[in-house]
Engineer: 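Below you'll find the structure I mean.
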Amino acid sequence: MVLDSVGIGELPDAAEYGDAGRNTLGHIAESRPLEIPNLVRLGLAHIAPLKHQTPAASPLGAYGKGATRSPGKRHYDGTLGNGREFGLGPGVSLFTRTASRKS
């Protein structure tokens, strides 16, 4: 399972792009208790501390946080952004064919 655009803590270079302190899921968890027991059992609370969530003693899944391979502000719009998101590097598109419209 990939939770795209969830935001669970800043990346090491966050300050270089004005993103220091970014932690969307963490800030939501601070504002209200989240009811996400299955995600916690899979290992979500091991990635970063989440208020009201106790990390599973033995997570049932593999867990981690992704980062882009190429430097720069992370924009995931379009096929180039999706390629960067999956670690293909700058200028590499995830999609190699496009559909054509017939009139």
Side-chain angles (χ1 to χ4, degrees):
M1 171 186 317
V2 174
L3 302 177
D4 186 19
S5 299
V6 170
I8 186 163
E10 63 187 37
L11 293 174
D13 64 351
E16 295 175 39
Y17 302 102
D19 290 340
R22 303 287 181 173
N23 186 359
T24 304
L25 189 59
H27 295 307
I28 293 170
E30 289 171 5
S31 71
R32 65 187 54 89
L34 300 175
E35 295 183 26
I36 53 172
N38 292 330
L39 293 174
V40 170
R41 279 193 289 271
L42 288 170
L44 182 65
H46 283 274
I47 299 171
L50 295 171
K51 191 171 184 175
H52 308 291
Q53 305 298 327
T54 301
S58 298
L60 300 176
Y63 54 87
K65 179 168 77 170
T68 57
R69 287 182 51 191
S70 56
K73 185 74 174 164
R74 292 163 289 283
H75 292 286
Y76 296 124
D77 297 329
T79 58
L80 288 177
N82 287 325
R84 286 178 49 194
E85 188 172 59
F86 289 101
L88 298 179
V92 179
S93 176
L94 180 62
F95 305 102
T96 57
R97 293 188 293 174
T98 58
S100 61
R101 281 177 51 179
K102 294 184 180 181
S103 334

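In what follows, residues are counted from 1 in the order of the sequence shown. Only a predicted model underlies this, so the values are computations on that prediction, with no experimental measurement involved.
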Engineer: Between the main-chain N or O of G26 and the side-chain N or O of N23, is there a donor-acceptor pair closer than 3.5 Å?
Structural biologist: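 Checking the backbone N and O of G26 against the side chain of N23, a donor-acceptor pair under 3.5 Å is found.
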Engineer: Once you round to the nearest 0.5 Å, how far does CG of L44 lie from CE of M1?
Structural biologist: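 Separation between the atoms: 9.5 Å.
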Engineer: Starting from I36, can I reach Y63 by hopping between I/L/V/M/F/W/Y residues whose side chains sit under 4.5 Å apart?
Structural biologist: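 Result: yes, single cluster for both.
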Engineer: Hey, what do you get for CG (L39) to CG (L3), rounding to the nearest 0.5 Å?
Structural biologist: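 Result: 6.0 Å between the selected atoms.
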Engineer: At their closest point, which heavy atom of G43 faces which heavy atom of P59, and how far apart are they?
Structural biologist: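 Of all heavy-atom pairs spanning G43 and P59, the closest is CA-CB, 3.9 Å.
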Engineer: Within this structure, what is the CD1-CG distance for the pair I28 and L34, rounded to the nearest 0.5 Å?
Structural biologist: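 Here the rounded value is 7.0 Å.
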Engineer: Looking at A56, is its backbone amide N or carbonyl O close enough to the side chain of H46 to form a donor-acceptor pair, meaning the two atoms are under 3.5 Å apart?
Structural biologist: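 Yes: the side chain of H46 pairs with the backbone of A56.
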Engineer: Measure across V40 and A45 and return the closest heavy-atom pair with its distance rounded to 0.1 Å.
Structural biologist: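 Smallest heavy-atom distance, with atoms named: CG1-CB, 4.3 Å.
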Engineer: Let me check something: do V2 and L25 share a hydrophobic cluster, defined by ILVMFWY side-chain heavy atoms less than 4.5 Å apart, either directly or through other members?
Structural biologist: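 No.
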Engineer: Membership question, hydrophobic clusters at under 4.5 Å side-chain separation (ILVMFWY): are L50 and L60 in the same one?
Structural biologist: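 Same cluster: L60 reaches L50 through Ile, Leu, Val, Met, Phe, Trp or Tyr contacts under 4.5 Å.
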Engineer: Between the main-chain N or O of E10 and the side-chain N or O of K65, is there a donor-acceptor pair closer than 3.5 Å?
Structural biologist: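 Side chain of K65 to backbone of E10: a pair is present.
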Engineer: Looking only at heavy atoms, which two atoms of K51 and E30 are closest? And how far apart?
Structural biologist: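 Scanning both residues completely, I find the closest heavy atoms to be CD-CA, 4.0 Å.
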